[in-house]
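Letters A, B, ... mirror the listed sequences (proteins, then strands); counts begin at 1.
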Number of protein chains: 4
Amino acid sequence: MARNKEDKRKRILDAAAKLFAEQPFHKVLLDQVASAARVGKGTLYLYFKNKEELYIAMRLNGFQKLIAALEQGLAEHENDPEAQLAGIIDRLAGRLLEHPIMFKFWREAIIRMPSNMDWQEQLNELFELIEGVIQNGIEKGVFKDANPAATARYIAGLIRTLSMFRPEDNTTDELCRHAKQFVLNGLQAA
Amino acid sequence: MARNKEDKRKRILDAAAKLFAEQPFHKVLLDQVASAARVGKGTLYLYFKNKEELYIAMRLNGFQKLIAALEQGLAEHENDPEAQLAGIIDRLAGRLLEHPIMFKFWREAIIRMPSNMDWQEQLNELFELIEGVIQNGIEKGVFKDANPAATARYIAGLIRTLSMFRPEDNTTDELCRHAKQFVLNGLQAA
Amino acid sequence: MARNKEDKRKRILDAAAKLFAEQPFHKVLLDQVASAARVGKGTLYLYFKNKEELYIAMRLNGFQKLIAALEQGLAEHENDPEAQLAGIIDRLAGRLLEHPIMFKFWREAIIRMPSNMDWQEQLNELFELIEGVIQNGIEKGVFKDANPAATARYIAGLIRTLSMFRPEDNTTDELCRHAKQFVLNGLQAA
Amino acid sequence: MARNKEDKRKRILDAAAKLFAEQPFHKVLLDQVASAARVGKGTLYLYFKNKEELYIAMRLNGFQKLIAALEQGLAEHENDPEAQLAGIIDRLAGRLLEHPIMFKFWREAIIRMPSNMDWQEQLNELFELIEGVIQNGIEKGVFKDANPAATARYIAGLIRTLSMFRPEDNTTDELCRHAKQFVLNGLQAA
DNA sequence: TATGAATGAGGTTTCATTCAT
DNA sequence: AATGAATGAAACCTCATTCAT
């Protein structure tokens, strides 16, 4: 019952994620979503009020998974801010490069929509997560930064752009390594 | 005549820029564009093949202005890579914060659209412009960087994110100064 | 069992009567009917073939009750056509004003529905009942009428309109009394 | 321009009238209306907000024509209330029997719809028109009636029912003559 | 050249009906 | 017998595009 229901909701979200990643909002047809999720079109409306709500739910769902993965990564290097930061960059870049879904997340933001607040909050969660690592590093004397909140945003944006517009002739590994170095340079105490 | 024609095209592009900045693609109606530009709806089709082409033309138009402004800035500090880079960051951030149109540029990219190539090319122009400054700095021994192409992308992405998700309680000036410092740290020779 | 079954059928018919009286056919949802009858939606289909049959069953049900009530009234004044007619008017008006369901009976008739014949027959039953009273009166020399079939229809229509569009500032009693007088005038021998 | 526009609106209303008279509301498709009116489906929405508004407009339109015809008839027998009343009955019955559209008017009334007020007002207009004739007759000493408002409603309802459920084997003429006699009986001073 | 009324393909959504439980 | 989640046909409606003026 509840199990099955969860399954169906998940199937719809996954199908939506795939399709919205491939096509702009207005080109994704609910017929496609329904048949990709192997459910009737009407079923979509049992789980989501309309196309927009489905879209938002899909975005939040993907983001929550990302945040969870990053938090798990932090736990693995409890007392090493440098390693934590490196982990965040690796995972973030990895996710973005692997999952085209995430592209859209970062690329698109429906503006001035009521439920958009949620989206801002999600992003803030990410920023604060990074900021926390920087703060931690500062306290430990490993980093030096006058404005960790801004830096957290830099890091997120930096990785996003790197993922979306990767320069040719570079392996993912090389890019990550270089990015990490750049960030650490920026945070290094003189 | 020709004057009048140019005017109308410009009016349409400006109206489109304003509206596309406020709403996602599928919520901007050509009725709105036409009436905001004070032209008949049919007139849009005299200047642009369809909605998508209008959107692309509007994006390119905005971007070209940006590139032009940045190039002009570079000329002002011919032999000072640090100042050039600082200028780029200032102007880029300024533009993004002033012109909401530009937000959309960075925020949204219609995927797998035929003419998307143009967009990529435009962005590459920006990346190469920044990359040139870094290269120049490396040659002059002011900067040190193993992968200027990647760094150029970082800088663009960093400013974008800063503009879109600015942390509260910071003036634009403070943020720009901090960003410049962060970037210069990353590029500074040990 | 059988008891329970009858109960459920009745519950459904009552719920349907209430809802169809309040809303036009296409606005009454089977979800509403089911929940108002406190049964599952699927259960409706155990008792009625589809929405249309449910609607018809509901109408017939209401009408049969009406006819039965009128017939009972006639029996009470076996040999007094005037009293019989007055009784019909009283009961008919009373019913229509009390039971909004009946409104719909008169107000709406789904045209060219296969089973609409039944509805015509029901109405004819009513007309014939009234016609019988008039005939009886004519035979007794109390009434005078060249076309009792038409007059029977007048009376029914008269009461219906009176009920649906009652003039303000009149009690039900006053209206009934006046209607009875009007009809008797029409039927009075010179 | 304006001419053409009026034409199109009229064509739509006429097509709608025909179809709504033949089928219940929910069985009339806007595709049918559009093609019967020889316009595109979208054009319907240029003239009417939605299906319901089109339906209401169509009803009002028909009713206004009816009222106009009746008023014209009254003018023809300025000082003869009996003839005026007879004229109303003739025209009303004639209309209802000729134009199946009108059937629906009287048969159906969408309940508790906001714009239904208009419909009530239209009906009141009809009632008041009849009532005026009765009042006039009373003042002239030709009629006698304690409640002309109620009687006006009787007359309307009487004709409606007669038209909808006409007894077999009667010509329209016979029925009208009989109805007029019945009504005049009811209104005759002792 | 400029317009905006008209179009209709195709989108989103609803809801009567079915069927696995 | 009873349910209500699931279905998908078919409804309403939108809006990019066309075209007569």
Side-chain angles (χ1 to χ4, degrees), chain A residues 1-2 4-5 8-9 12 25-35 37-54, chain B residues 1-2 4-5 8 25-35 37-55, chain C residues 1-2 4-5 8 25-35 37-54, chain D residues 1-2 4-5 8-9 12 25-35 37-52 54:
Chain A
M1 300 291 124
N4 198 345
K5 183 159 175 172
K8 219 158 243 178
R9 194 186 145 88
I12 294 170
F25 184 84
H26 76 285
K27 290 213 173 155
V28 174
L29 309 192
L30 293 190
D31 267 316
Q32 297 171 31
V33 177
S35 82
R38 282 166 298 121
V39 298
K41 210 192 320 187
T43 305
L44 301 181
Y45 288 83
L46 289 180
Y47 293 92
F48 306 96
K49 213 179 71 207
N50 54 34
K51 190 183 180 183
E52 209 144 284
E53 302 267 314
L54 166 59
Chain B
M1 293 296 119
N4 196 347
K5 179 162 174 169
K8 229 164 229 179
F25 184 82
H26 76 283
K27 287 215 173 156
V28 174
L29 308 190
L30 292 191
D31 267 315
Q32 298 172 32
V33 176
S35 81
R38 283 167 295 121
V39 298
K41 207 184 347 174
T43 306
L44 301 181
Y45 287 83
L46 295 178
Y47 293 91
F48 306 96
K49 212 179 72 203
N50 55 32
K51 188 182 181 182
E52 215 146 272
E53 301 269 315
L54 165 59
Y55 178 71
Chain C
M1 292 298 119
N4 195 348
K5 179 163 174 169
K8 228 165 231 178
F25 184 83
H26 77 283
K27 288 216 175 158
V28 174
L29 308 190
L30 292 191
D31 267 314
Q32 298 172 33
V33 176
S35 83
R38 283 166 295 121
V39 299
K41 208 188 338 179
T43 306
L44 301 180
Y45 287 82
L46 295 178
Y47 293 90
F48 306 95
K49 212 180 72 202
N50 55 32
K51 188 183 181 181
E52 215 146 275
E53 301 270 314
L54 165 60
Chain D
M1 298 291 122
N4 198 345
K5 183 159 176 172
K8 221 159 242 178
R9 193 185 146 89
I12 294 171
F25 184 84
H26 76 284
K27 290 214 174 156
V28 174
L29 309 193
L30 293 191
D31 267 316
Q32 296 171 33
V33 177
S35 81
R38 283 167 297 121
V39 298
K41 210 194 320 187
T43 305
L44 301 181
Y45 289 85
L46 289 181
Y47 293 92
F48 306 97
K49 214 179 71 207
N50 54 33
K51 190 183 180 181
E52 210 142 283
L54 165 59

Rounded to whole angstrom units, what separation is found between the [atom1] atom of [X] and the [atom2] atom of [N]?
| X | N | atom1 | atom2 | result |
| --- | --- | --- | --- | --- |
| A/I12 | F/dA5 | CD1 | P | 14 Å |
| C/E53 | E/dT17 | CD | P | 10 Å |
| B/E52 | F/dC15 | CD | C1' | 15 Å |
| B/Y45 | F/dC19 | OH | P | 12 Å |
| C/L44 | E/dC19 | CG | P | 17 Å |
| A/K27 | E/dG10 | NZ | C1' | 14 Å |
| C/Q32 | E/dT14 | CD | P | 14 Å |
| B/L30 | F/dA16 | CG | P | 4 Å |

Tell me which of A/T43 and B/N50 sits closer to the 5' end of DNA chain F, going by the nucleotide each one is nearest to.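 Of the two residues, A/T43 wins.
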Nearest nucleotide by nearest heavy atom, which residue falls closer to the 5' end of DNA chain F, C/R38 or A/G40? C/R38
Side-chain heavy atoms of D/F25 within contact of C/F25, under 4.5 Å: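 No, too far: nothing below the 4.5 Å cut-off.
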Considering only heavy atoms from C-beta outward, does the side chain of B/Q32 approach that of B/L29 to under 4.5 Å?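 Answer yes - side chains close enough.
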Where the side chain of [X] is concerned, which of [options] is the nearest nucleotide?
| X | options | value |
| --- | --- | --- |
| B/K8 | E/dA2, F/dT17, E/dA16 | E/dA2 |
| C/L46 | F/dC12, E/dA5, F/dA2 | F/dA2 |
| A/K51 | F/dA16, E/dT12, E/dT17 | E/dT12 |

Using a 4.0 Å heavy-atom cut-off, does B/V28 contact any base of the nucleic acid, only the sugar-phosphate backbone, or nothing at all?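 Sugar-phosphate contact only - B/V28 comes under 4.0 Å of backbone atoms but never of a base.
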Have a look at D/L29 and say if it touches a base, only the backbone sugar-phosphate, or nothing, with a 4.0 Å heavy-atom cut-off.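 Contact class for D/L29: sugar-phosphate only.
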Tell me the closest heavy-atom pair linking C/L44 and C/L30, and the distance in Å.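 So the two residues come closest at CD1-O, 3.7 Å.
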Which atom names give the shortest non-hydrogen contact between D/E52 and C/K27, and what distance separates them?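 Heavy atoms of D/E52 and C/K27 come nearest at OE2-NZ, 3.1 Å.
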Quick check on F/dG4: is either OP1 or OP2 less than 4.0 Å from any side-chain nitrogen or oxygen of C/K41? no
Think B/Y47 has a side-chain N or O under 4.0 angstrom from the OP1 or OP2 of E/dA2? yes
For DNA chain F, what are the stems built from at least three Watson-Crick or G-U pairs in a row, each pair having both distances below 3.5 Å?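 E:2-21 with F:2-21 - these are the stems of 3 or more pairs that involve DNA chain F.
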Which sits closer to the 5' end of DNA chain E, A/D31 or B/V39, going by the nucleotide each is nearest to?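 In this pair, the answer is B/V39.
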Nearest-nucleotide wise, let me know which of A/K49 and D/G42 is further upstream toward the 5' end of DNA chain E. D/G42
D/K8 (side chain) donor-acceptor with D/Y47 (main chain) under 3.5 angstrom: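 Judged by distance alone, no pair lies under 3.5 Å.
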Side chain to side chain contact (heavy atoms under 4.5 Å, CB included) for D/F48 and D/T43? Distances and angles first, verdict last. CA-CA 9 Å; D/F48 306 97; D/T43 305; over 6 Å; no
Show the numbers, then the answer: is there a side chain to side chain contact (heavy atoms under 4.5 Å, CB included) between D/R9 and D/I12? CA-CA 5 Å; D/R9 193 185 146 89; D/I12 294 171; 5.7 Å; no
Using the salt bridge (Lys or Arg N to Asp or Glu O under 4.0 Å) criterion, which residues pair with D/K41? Sequence neighbours excluded. D/D31
